[in-house]
Amino acid sequence: MKMEADFASADKGRGLGPRPLRQKMSRMRLNDLFAGYAFSLPSVIVLFVFTLGPALAAFYLSFFSWSLLNHMHFVGLSNFWGLLHYSVFWIAVRNSVIFACVVVPVQTAIALALAVMLNQNLPARGFFRLAFYFPSISSSAVITLIFMWMFNQLGLFNSFLSWLGLPQPDWLGSPHFALPTIMIMNIWTTSGAFMIIFLAGLQGIPMNLIEAAAVDGATSWKTFRNVTLPLLRTTMFFVVVMGVIGTLQMFDQSFIMSGGTGGPLHSTTTVVLLIYNFIFNYGNVGYGAAATVLWFIFIMGATLATNKWLGQSVEY
Amino acid sequence: MAKQHAIMAVGTAALLIGGVSGLAAGKAPRQFVAKHKAVTVTLGGWAAYSKNNVQQMYNFLKPFEREFPWIHVKYLPVAGNYETILKTEYVAGDAADVVALNNGGQASPFIDAGDVVALNHFLAASHQRVNNFYQGTTSLFTYHNQLYAIPRDQDVLALFYNKTMFAKAGIKSPPKTWAQLATDAKILTDAKAHVYGLGIDPSEAYWGEFVIQAGGTIFNAGKHQMTLNTKAALRGFSYYVSLYRRGIAAQPSQVGATWSGQSFGIGRVAMTIEGGWLNGSLKQDWPSIKYGVAPLPKGPVNRATLSFPVGWAISKTAPNKQAAWDLVNYMTNQGQPAWVAGTQALPTRPSVTSINYFKQHPIWKPFLASLPVARAWTFPNGFDQYASTTLNNQTLLAVEGQESPAAALKHLQQAGQQVFRSQGQ
């Protein structure tokens, strides 16, 4: 922050002060600039080589037919055309969108509820914060394996359902329940991480506003609804955007649960899993790259829409 | 590192000099890559990367390096998704000189792309013939009459049965025919207790053998036509589906398992059809199960089983192919007895079936007896998606009764022919 302020004053000072000072200032400014770029260079290189480079390569590859092992040749837009007429791609899009539409609202609501609860002066508050946060720092591969054990036909969860006298579906083997199982798992894992972010947001709310509302006679629900929630808008924006991006890019849990196939009957095929399979298993890099490009556009659209909805901060 | 680089440089130089002078003299380069010039051959292949595995490979290779002291082998195992990683290695040009090629359609993409070289003339120069190996193993690596990998080992499907459950049900011996298999499975099933007579995976690697037993095939001999539209194929597939539809066979997920070996290990199914790999899993994870193994029951036409061979191939990029061949030839020839005993796999040469290891371990007897009737489980190039998705989906639909066996086979036939058409065949 301070650096920015210095730059700003240096900019304003340009052309006003006496000559020697101006020269000195600009030399200082150059030094600052140099130091700034030098310090950020490693990250910029990493960004270009490992993130932007491959991303640009995906755009490039989407115009080629290539199986990884043969010679690639230019095919224009035919990968996109083929992809849009490929039924499994639309199944994957539907799965990913349903997944995001269910998981994002539920996990955001749960995370917010947990954060509000743990923001009170409860006994063993630290313990609960840790307990709820713990799943999100565990490896998602391990959690998937544990869930597969809990949710199998004769597993813990079904034993519980049978004790309650409820029907016991084949959570992992049935095309109707495989994706919901992953949703449950995903909500459970990520809610804790977003809870921490909401907690930070809650602690940033000035107490005097809450107290003022109390003095005005607002009930705690009204305070929450009209003071706390609007002030959490920027936090909410962050949580929803990260949630949307994260759920639309879900890959690992589907991959592990279905053994990489996206089965049973394509029910856990997400767009990113399909992209992986196109490129590394089906020998169709062009389709994978084309799907990557389309999915990039879709996610960017979803993010911009969220920005329009939640992006502006609220001032009191 | 520096030393290895030096050796590699020397090796490359030796190859260049040998190659040039070999051409000049009109002789095979072998004589000129003087036996005393050191070369390094890199060896790939799948292995869970542990110190133990690596050490096991080096121990296995010690006699080779004694016999060929000028060849140094550097083992570079790949852990995880082997074929995926191998593809990226070929793209990057840093695949090992000698690589393992797998069954189940995983070999054909590399052979088709020309990443590995044909080995027939090497085989002939070493005074060996293709029929020193089981036909069920070499067929997997043969394209246009050329052999692209030498089968190093294989595994075949057999019938595992739970002796305790058999004794309790009063069944004396494992079933020998399709009819007996169904009868025994029915007796052994107690659906209320989630116990089933037979546990099989709903996938083609587990029903292909029924089609062959009924006299059918999946592909024609040249692997350029689907042959699932025959009466025999339908007969085999219908029998397999009927086992589930009658409730006497269970998918792994029905009994809370991820594969049928696990269903068997946790005692939820009395019989399963699995490969010899299950012996190792049972010993390690479910040691209390008392079980026996028998060859698969005979079908109405054939005795048959599926084989899962793995072969060693030589990369096109290998700088010294003769040295690579010496290694491949050693591992699949003199080295095979030690290899199959060490890795608990089945041999690819009929001559190796009589070694002491198998006499001392009679559990392998039913597997060895199945080798002559084993057919390799494989797909032509371009069938990756078909093998991993289409086949499984149609199998599942049929097994769950959402589609008739005939309709499922019709879909599979059409989808397969579609793949061939898209390749212009």
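In the text below, chain A, chain B and the rest are named by the order of the sequence lines, each starting its count at 1. When reading the values below, keep in mind they use all heavy atoms of this one structure, side chains included, and skip hydrogens, waters and symmetry mates.
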*Side chain, backbone, both or neither: which part of B:Tyr386 has a heavy atom under 4.5 Å from chain A?*
neither
*Pick from B:Leu396, B:Thr88, B:Asn392, B:Ile85: which one has the most heavy-atom pairs with chain A under 4.5 Å?*
B:Leu396
_B:Gln251 vs A:Asp170 side-chain heavy atoms within contact, under 4.5 Å_ = no
*From B:Ile111 CD1 over to A:Leu69 CG, what is the distance, rounded to the nearest 0.5 angstrom?*
11.5 Å
*If you round to the nearest 0.5 Å, how far is CD of B:Glu400 from CG of A:Leu265?*
7.0 Å
*Check whether any side-chain heavy atom of A:Leu172 lies under 4.5 Å from a side-chain heavy atom of B:Ser253, and answer yes or no.*
no
*Considering only heavy atoms, which portion of A:Asn281 lies under 4.5 Å from any heavy atom of chain B: side chain, backbone, both, or neither?*
both
*Nearest-0.5 Å distance that lies between atom CG in A:Asn70 and atom CG in B:Asp112*: 9.5 Å
*A:Phe280 versus B:Lys87, closest heavy-atom pair with distance*: O-NZ, 3.2 Å
*For B:Thr389, is it the side chain, the backbone, both or neither that has a heavy atom under 4.5 Å from a heavy atom of chain A?*
side chain
_4.5 Å side-chain heavy-atom contact, B:Gln254 and A:Leu154_ = no
*Mind checking the CZ-CG spacing from A:Phe255 to B:Asn81? Nearest 0.5 Å is all I need.*
5.0 Å
*Taking side chain as C-beta onward, heavy atoms only, is B:Tyr90 less than 4.5 Å from A:Leu68?*
no
*Can B:Asn393 and A:His266 be said to form a side-chain contact (heavy atoms from CB on, under 4.5 Å), step by step?*
CA-CA 8 Å; B:Asn393 288 351; A:His266 296 304; 3.0 Å; yes
*asked:* Using 0.5 Å steps for rounding, measure from the CE atom of A:Met148 to the OG1 atom of B:Thr258.
replied: 6.0 Å
*Do A:Tyr276 and B:Thr84 touch side chain to side chain, with heavy atoms closer than 4.5 Å?*
yes
*asked:* Looking at B:Trp277, I want to see if its CH2 is surrounded by more than 12 non-hydrogen atoms of other residues, nucleotides or ligands under 6.0 Å.
replied: yes
*Does atom CZ of A:Phe74 have more than 12 heavy-atom neighbours, drawn from other residues, nucleotides or ligands, at distances under 6.0 Å?*
yes
